[in-house]
Amino acid sequence: MTIPTHTLMSPLSTRYEPLLLRHPANPILTSKDWPYSINSVFNAGATRLADGTTLLLCRVEDRRGLSHLCAARSRNGVDGWQIDAEPTLMPSPNEYPEEIWGIEDPRITFVPELQQYVVTYTSYSRGGPGVSLALTKDFRSFERYGVIMSPDDKDSALLPRRIDGYWALIHRPMTTLGSHMWISYSPDLRYWGRHRLMLEARRGAWWDANKIGLSPPPIETSRGWLVLYHGVRHTPSGCLYRLGLALFDLENPEKCLLRGDSWIFGPEAEYECHGDVDDVVFPCGYTMDADGDTLNIYYGAADCAIALARASVRSLLDWLDANGSSGRRQRAGDL
Ligand code: BMA
């Protein structure tokens, strides 16, 4: 008997479209590239400096297991990295006790109003991970504001401009109901309130059940804030970190306009599947090319290396239009 081919196809499409394309030079940075002894380098914040240089603020872990941040600069964002000879930002537990077990996973936002970069990062305190904030003009000296979200909280980034007069911070507190993305507002970057749930982890068998978090800072597009987020699936052989997409209203960023049902990028390459923590892709930063469409997404691979994938904003939005569901449908029971 011949089975008609359409009955063998998935209802949506015949194959998954690759939206993030791995760079052939991957992994682009590993511990071997470092000018001093380290265990591993991964999860880097990213930005383009005024002169066009790509700057990565990398999470570097030493053999004690504690992390600090170190800057790497490159003309083309792929190779020829100039890495700071010494750590760029070390934990400073005497002044900031919440940094006693290191600082991790920075996200960078350039804020035109301040003419400064705002770096939010995880400070690993005795009470668990919290969110800290620092300002810098040059990634050489930093003004630290200390912890702004108490433990357990991480995966945060600042929006580059005020919303209705207030700064907006996305972050991921852990609650007994699960780990969801929240947004909070501040008049001055120090005092935070008006906390709102922004995106919930789904439940049950979904790839993003129970635990999600912001990956790089949101990407501002004419259609809304485009958000790449990670979902953590717990399996009998460990956790799987994969990426999904959602779109939020430009002037009301707690309003989800579209959310993709499927993940769009997950561990497949050897350097993503095997490392200190297997099966992890974890982007903390991106840069945008001059065409206003090409994203260079920098991600930690298996908690051991930094890799690069490229994507087109237009294609990501097209994919969300074809595969996303609106906020209303999500509330109707998808979660
Ligand atoms: C998350 C963060 C990341 C890390 C990932 C996988 O909770 O701590 O820094 O890359 O786990 O270990």
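Remember, it's a predicted structure, so these values are computed and weren't measured experimentally. Throughout, residue positions are numbered sequentially from 1 according to the sequence presented. Below, all heavy atoms of this structure are taken into account, side chains as well, without hydrogens, waters or symmetry copies. Counting starts at 1 for both ligands and their atoms, following the listed order.
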Q. Is there a salt bridge (Lys or Arg N to Asp or Glu O under 4.0 Å) between E113 and R161 once you walk through the steps?
A. CA-CA 7 Å; E113 182 186 324; R161 58 181 173 82; over 6 Å; no
Q. Does NZ or CZ of R59 come closer than 6.0 Å to the centre of the six-membered ring of F42, within 45° of the ring's axis?
A. no
Q. Does R107 count as lying over the ring of Y121, i.e. NZ or CZ under 6.0 Å from the six-ring centre, within 45 degrees of the axis?
A. no
(Q) I'd like to know if R144 pairs up with E99 as an ion pair, taking the criterion as any Lys NZ or Arg NE/NH1/NH2 lying under 4.0 Å from an Asp or Glu carboxylate oxygen. (A) yes
Q. Any chain of hydrophobic side-chain contacts (each under 4.5 Å) joining Y36 to I83?
A. yes
Q.
Side-chain heavy atoms nearer than 4.5 Å, only ILVMFWY residues, links allowed to pass through others: does that put Y96 and L135 together?
A. no
Q: Could you pull out every protein residue that has a heavy atom closer than 4.0 Å to ligand 1, ordered by chain and then number?
A: N43, R59, D105, K154, Y241, V277, V280, F282, D303
